[in-house]
Visitor: 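Structure in structure tokens, see below.
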Amino acid sequence: MSELKPRKDLLDIESLTLDEIEYVLENAVPFKQLFQRSVKKVPTLRGKTVLNLFYEPSTRTSSSFEVAANRMSADVTNFSVSASSVVKGESLLDTIETLQAMRSDYIVIRHQAAGVPGIVAQHTRASVLNAGDGYHAHPTQALLDAMTFREVYPDFRGRKVVIVGDVLHSRVARSTSTLFNKLGIEVGVLGPGSLIPEGRHGFMQRFGSWDEVFDWKPDAVYLLRVQMERQEGQFFPSVSEYHKMYGMHSTRVQRMRELGCYLMHPGPVNRGVEITDEAMGYEKSLISTQVENGIAVRMAVLHWLKPETQLD
Amino acid sequence: MSDFPAISTQEILSPTGIEEAITFLAEEIATRCEGENVAFIGIFTRGVTLATRVAAVLAERGIQYPVGTLDISLYRDDFDNRGSDLPRLESSDVPFAIDGSRVIIFDEVIFTGRTIRAALDGLMDYGRPAKIELAVLVDRGHREIPIQPDYVGKKVETIFDDYVKVRFTEDDSKEGVFLVKEKGGTE
């Protein structure tokens, strides 16, 4: 493997080389093994500070980053911006100035506008980890998805994943499909025509129905969350209509079982919309594994990125 | 030795010398640990090989000790100074309870002692051994912290800037211990 250049920030999947992806995914495995010990913590980031800066509500991602940072002995500050300075009218650059003065080593940022983590990264010596920006990217989600898929399929190249749902509004779909494509995993999509982007992701095969999906024999079905909060226009007639056409229920679970197909979902789940209670109990669901791997991958990313905070 | 660009390279242990040193370590351990509950922990990469080889010699004599592995990367004190040579982590594997047992840590060379300091921290996160000891193939001196080995295969006089390279066929496709003189280098 060629030598890796040190990297300050993780902003998207597109800019990662295959060597970098392999590096993070391979290092995530020993991190995950730490969770089996009674002492789950390592001292690697002792004395370093991680700032969780969330401009959008998030429980799972922010707590996953928090647990990851804690397990590496970093000090974590949660900075929920909607509750504070934005309300008081502080501009983004002023906030960055404030953060710079706090001398955080790592800034984990989620923002409703695409590109904000990139702007922050340019203005700070801290390492910036994009935890989701608008419809753009959610790179650590993609990495944890890849780790999860590779655990069940060590021979992942040439395998097939179908992403189901609101691909248009999903930074998860964008980052995960890009990463899977880089790893040589085939990606298909199924969803309402209004929620499948035109032109983007030419590598993805489009399906019109579950029957077409099952004929393709996917190795995993990746359900997206129906993002009620992002539906400014009406992209599908009703929730029950969506569930009928694209949701995961017992009949479709049975088809998956016959194919030996795994089930993935980035969470949080809208029960009764994209998945029924019954389907949640599917024995080949990887949803909890995704949560666990999320911590391991985020530890591997914190371990990999190199802040420039020691320079001054 | 074309793969060590250096002023001079000197073999300090031949393959036979390594074998004798490993037998010596095994005999020392067998004598001093007789009747005790002993476990070996090898530090990646060549400490694991050393522990495995010593355990194999003892197994031939009917003494069975389990061998675990430890990657100390996450416990190092020089994480901030990592350069472009990014650490690739190995999976530590301690498949036995170390609480109450006599644990012997293995590393191929002891130099500053900092690796062993990290290993002690890492090991304690797996439990509380009754006793921890250290076995090395080569002690090359120049300790920076007060840590000393209990079992030493060979003691070598060096200057700080020398390298001592241990090569095992399992890891390196050749066998031998070499003293490499290259002014200005540190390891």
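Lettering of chains follows the sequences in order, A, B, ..., and the numbering in each one begins at 1.
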Visitor: For B:Glu108, enumerate each residue passing the side chain to side chain donor-acceptor pair (under 3.5 Å) test, keeping only those at least two apart in sequence or located in another chain.
Guide: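 Result, side chain to side chain donor-acceptor pair (under 3.5 Å) vs B:Glu108: none returned.
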
Visitor: For residues 49-57 of chain B, give me every residue with a non-hydrogen atom less than 4.5 Å from any non-hydrogen atom of chain A.
Guide: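 Against chain A, none of the residues of residues 49-57 of chain B fall inside the cut-off of heavy atoms under 4.5 Å.
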
Visitor: If you compare all heavy atoms of B:Arg82 against all heavy atoms of A:Lys306, which two are closest, and at what distance to 0.1 Å?
Guide: O-NZ, 2.5 Å

Visitor: Any ring-ring contact (aromatic ring centres under 6.0 Å, His included) pairs touching residues 29-53 of chain B, not counting sequence neighbours?
Guide: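 For residues 29-53 of chain B, and leaving out neighbouring residues, the ring-ring contact (aromatic ring centres under 6.0 Å, His included) pairs sorted by first residue read B:Phe40-B:Tyr65, B:Phe40-B:Phe106.
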
Visitor: Looking at B:Glu170, I want to see if its CD is surrounded by more than 12 non-hydrogen atoms of other residues, nucleotides or ligands under 6.0 Å.
Guide: yes

Visitor: Counting only heavy atoms from other residues, nucleotides and ligands, does the tally under 6.0 Å from CD of B:Glu157 exceed 12?
Guide: no

Visitor: If you define the side chain from C-beta out and look only at heavy atoms, does anything of B:Leu74 sit under 4.5 Å from A:Leu34?
Guide: yes

Visitor: Hey, could you give me each pair passing side-chain hydrogen bond (donor to acceptor under 3.5 Å, both in side chains) that has a residue in residues 117-129 of chain B? Not counting sequence neighbours.
Guide: A:Arg37-B:Asp125, B:Tyr75-B:Asp125, B:Arg117-B:Asp121

Visitor: Any chance CD of B:Glu11 has more than 12 other-residue heavy atoms, nucleotides or ligands included, within less than 6.0 Å?
Guide: yes

Visitor: With side chains defined as the heavy atoms from C-beta onward, is the minimum distance between A:Leu4 and B:Arg88 less than 4.5 Å?
Guide: yes

Visitor: To the nearest 0.5 Å, how far apart are CG in B:Leu86 and CG in A:Asp19?
Guide: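 So the CG of B:Leu86 and the CG of A:Asp19 are separated by 11.0 Å.
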
Visitor: When rounded to the nearest 0.5 angstrom, what is the spacing between CG in B:Leu89 and CZ in A:Phe31?
Guide: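 Those atoms lie 5.0 Å apart.
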
Visitor: With a 4.5 angstrom heavy-atom cut-off, could you sort out which part of A:Lys32 is near chain B: side chain, backbone, both or neither?
Guide: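 Contact with chain B is absent: no heavy atom of A:Lys32 under 4.5 Å.
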
Visitor: Check whether any side-chain heavy atom of B:Pro87 sits under 4.5 Å from a side-chain heavy atom of A:His303, and report yes or no.
Guide: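 They are in side-chain contact.
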
Visitor: Do the non-hydrogen side-chain atoms of A:Lys48 and B:Asp80 ever get within less than 4.5 Å of each other?
Guide: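 Counting from C-beta outward, A:Lys48 and B:Asp80 do come under 4.5 Å.
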
Visitor: Could you state the interatomic distance from CG (B:Asp77) to OG1 (A:Thr44), rounded to the nearest 0.5 Å?
Guide: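 Separation between the atoms: 12.0 Å.
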
